[in-house]
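Residues: numbered from 1 along the sequence shown.
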Amino acid sequence: MEAPADGLPFMPLEYTITLQPYLDSSKFDGTLVLRVKFLKSTLFIQLDAISLTIRNATFNSSKESENDESRIQIELSPRSITLLFSEPAKPGSEKSIYLNYEGILRDDFKGFYRSRFVDLNGETRWIAVTHLEPSNARYVFPCVDEPKYKAKFTSKIIAQRGMTCLSNMTIASKNDVGSSLELATFNQTPPMSTYLFAAVVGHFHKLQSVIETPRIALYSPPSRQSQGSTALSIIEKGLPFFESLFECQYPLPKLDLIAVPDFAGGAMENWGLMTFRTSKLLCHPTFVDIDGKDRIADAVLHELSHQWIGNLVTMASWNQLWLKESFATLLAWYARDNLFTNDELWSHFILEVQQIALERDCLRASHPIESPVMGVNEIDQMFDDISYKKGCSVLFMLLRAIGSKAFFNGIKDYIRLYRFGSASSDDLWDSFGDCASDSDLRQTLNIWTKEKGFPYVEVITSGDSHHGCTEGEYRETKVRLIQRRFLAMEDPTESDDPKIYPLHISLRSKKGTEEFELHDRQVTHSRSEQTLFKINADNIGFYRTLYASDHLRRLGDALQEDWLNVSDRIGLLADATALSESGLQNTYDLLDLIAKMQRDTAYCVWQQIIKSMRTIKAAWMFKDATMIGLMHFYCDLLSRKAKSLRLGNFMEIGDSKIRFAKLILPAAAEAGMTEIFGQARDILSSHKLGKGRALHPALLSSALGIVLTNGTFEDVEYAFTLYKEFNTAGDENGKEAILQSLGCVIKPEHAEYVLRQIFTDQIRNQDISLVLYHFQRTKIGAIRVWKWCQENWVFLQKTLSPKMISNLIPIILGSLSTDEHLTEVRGFYGRFDTQLYDHALAQACERIKIRQQWTERADEAVRDWLSLHEFM
């Protein structure tokens with residue numbers, strides 16, 4: 001292995017790590033034997049280490065033999081230790097360093113931390129688990145905690161006899177230590193980065209796969225032993241799929257998946273020992289719905305793909321995080337498309353990946369996909385929608401542009417050339433360049449990855465189009481397209497708009513699709529006699545499209561025609577919403593378009609309709625008079641669809657209807673559709689009488705959320721009773737759905753009660769965001785949650801991880817929309833050190849300003865539209 005060229009006088013070769021956690025006292029003992037190779041003469045080496053108490057250190061020694069050379073002098077700093085030698089180490093020499101130390105078994109989801117669950121006897125059990133990404137290995141063992149410094153790892157764990165001990169590799173041996181302890185020694189790993197090291201200790205149930213090579217097993221708390229079959233079947237399909245796709249066998253002898261009750265994120269790809277939040281891995285075999293299955297499939301396949309992209313080939317530094325996360329995001333979708341039947345899967349991709357990325361990247365507070373990282377504090381904040389979803393969207397464009405054969409040939413070359421090593425973006429582009437015909441591929445892709453932002457394309461038509469002509473008479477012989485950078489707040493200044501984005505344009509009409517390039521500021525495309533068209537067929541391109549009002553109106557009239565597919569309709573409405581919010585499109589035209597979508601039958605389109613309406617609601621939340629009219633429109637929009645759905649027996653309706661009911665009925669209640677409340681009350685009453693067991697938990701939680709909007713205190717108490725029932729039954733998806741329904745309360749005294757429960761043992765810290773999520777959908781909820789945040793911020797900042805704080809901020813501030821709100825938010829956070837979450841805070845503040853500017857600019861047009869259509 002070649003040494004990384006950054007000036008370190010040594011490189012790590014092998015780590016031998018022994019860990020003994022003390023679950024009752026929140027500490028652990030550790031020993032480390034670190035074998036290094038010196039690259040130049042040096043009198044010292046520096047290792048990353050935080051919160052580790054070093055007891056002793058020797059050079060080229062071991063615990064049994066400390067008579068070799070002299071002890072090492074240690075200098076400590078808050079984030080590192082420096083080991084000083086009595087003589088300079090010689091270049092080319094290899095030496096071992098022995099360290100004995102004590103560490104903290106943490107409660108904040110990072111490093112080596114504790115998690116708890118309730119066993120079958122109702123007793124609380126503790127487990128110890130590592131989560132080292134991105135830079136938390138230094139909390140567990142002294143190391144060079146950067147991804148390019150790969151080394152081999154040998155794990156040893158000392159624990160109570162009978163406990164399950166897991167690490168990256170298979171167990172080599174077990175030996176008794178005293179009367180009650182056992183030492184498990186694991187086989188050595190191939191070279192890997194420090195953040196991929198994993199160790200787990202606790203009581204678990206094991207579900208073994210029928211696949212023997214590699215050995216696959218799923219571990220869960222004993223009370224959840226029946227809930228791993230769905231995830232296990234996915235991994236059994238996914239492993240051979242990726243091995244075939246990459247033409248590369250999985251390189252380790254075993255692959256474990258383990259459910260961790262307390263987990264800050266969704267999952268982690270530790271090599272050979274993937275860890276998951278329980279709801280991302282386990283599900284009730286009877287009552288899981290299609291959304292729950294999709295979440296598990298996405299999480300499992302995402303982490304599985306990392307075993308090659310991320311683990312076998314690792315990005316050289318954290319500023320290229322996207323090299324693993326963007327790929328894993330896309331590969332999970334690609335695998336689902338090949339392994340399971342879902343006709344609308346890529347429409348879901350447009351909604352759940354591409355549109356989220358576009359919403360984040362239109363902010364001035366965005367960042368490039370490949371962005372310089374100035375310190376450890378910034379690394380955590382790189383794990384966001386830009387690194388995951390924008391990068392994935394760019395790769396999706398590339399996949400469609402060069403074809404799947406060339407795309408995956410490039411990945412195969414990338415894996416073959418850099419396996420067990422590290423790579424950069426340039427290495428990736430070189431691999432693709434050998435497989436694709438585009439000689440400018442590197443330059444094209446660098447624009448997307450090294451620059452933040454994206455364009456909108458303005459469509460200007462010429463020809464004989466005029467109001468009143470028939471469809472057959474509608475003609476455009478020339479289309480002029482102009483691209484400019486899209487920003488959600490204000491028009492870009494000249495300094496904001498120098499970039500020309502390389503765009504592949506696909507123009508769709510009844511007669512087919514025309515394709516051409518837009519690599520300059522503008523292009524004029526000559527067309528044969530054709531009818532109405534839409535730019536960005538299938539919505540593959542990462543840009544917005546701006547149409548003149550007349551053109552958008554005609555597209556709205558053509559929504560139900562076959563040539564506009566589901567992805568086209570999603571993109572049309574999403575673009576109109578974003579462009580109206582920025583002031584480039586008239587909000588009057590947006591409301592017209594939404595109204596015309598009322599008869600759409602596609603689930604994904606309805607997701608976008610409701611999302612667009614909630615975007616409008618969030619902006620106008622504090623415009624009381626206009627808000628009344630908007631809610632009348634919202635109710636009318638949903639009424640026909642809501643009346644076609646009824647909350648009924650789970651066994652009598654299919655997945656698609658459950659999915660629609662979960663989406664439409666709560667939205668209809670949110671809009672004030674009174675008949676929905678009676679249905680929901682009946683469902684809740686039936687469940688209380690013991691007649692609701694056949695109901696899907698998602699429908700039950702939907703009914704509960706509807707009732708809570710205008711319910712009694714007894715209803716709120718019953719919600720917590722249901723939460724406990726699902727928690728006891730181990731139904732993670734049902735439990736999370738109940739938590740979300742709690743945010744539907746409107747009455748101030750009910751909101752106070754729910755918010756007080758957040759800091760009790762009933763609700764885990766990782767679930768706080770679930771409880772708060774729906775509060776932002778009402779004016780009362782938005783104000784109360786912001787007040788609660790201010791009252792409890794010191795505790796939240798102390799208790800939650802930076803990633804959890806970053807995820808919480810847009811929920812807390814998501815419906816504030818006035819200048820007064822913005823001044824208050826900036827003044828409040830100005831009193832705190834926000835460097836660990838400053839990106840999320842800057843984006844949330846920018847969103848408040850965007851909403852304020854939108855309502856100031858468009859309130860009159862919205863009121864005119866609502867008055868014309870008799871909604872106010």
Answer with yes or no whether the side chains of [Y] and [X] bring together a donor and an acceptor at under 3.5 Å.
X    : Y    : result
S347 : S567 : yes
T194 : D145 : yes
S612 : Q608 : yes

Could you check whether atom [atom1] of [X] has more than 12 heavy atoms from other residues, nucleotides or ligands sitting under 6.0 Å from it?
X    : atom1 : answer
E752 : CD    : yes
Y588 : OH    : yes
E860 : CD    : no

I'd like to know whether K611 forms a salt bridge (charged side-chain N to carboxylate O under 4.0 Å, His left out) with E359, so could you lay out the CA-CA distance, the side-chain angles of the two residues, the decisive distance to 0.1 Å, and finally the verdict. CA-CA 12 Å; K611 182 178 180 180; E359 289 161 16; 2.6 Å; yes
Side-chain ion pair, [X] and [Y], N-O less than 4.0 Å:
X    : Y    : answer
D262 : R277 : no
R295 : E736 : no
E451 : R485 : no
E458 : R484 : yes
R544 : D575 : yes

Ring centres of W448 and F396 under 6.0 Å apart? no
For the residue pair Y837 and W793, is the inter-centroid distance of their aromatic rings smaller than 6.0 Å? yes
Heavy-atom pair of closest approach, residues L552 and L593: CD1-CD2, 4.2 Å
Verdict with reasoning, E791 to R784, per salt bridge (charged side-chain N to carboxylate O under 4.0 Å, His left out): CA-CA 11 Å; E791 293 167 347; R784 185 62 197 94; 3.5 Å; yes
Aromatic plane relationship, F832 with F828 - under 30° parallel, 30 to 60° tilted, over 60° perpendicular: tilted
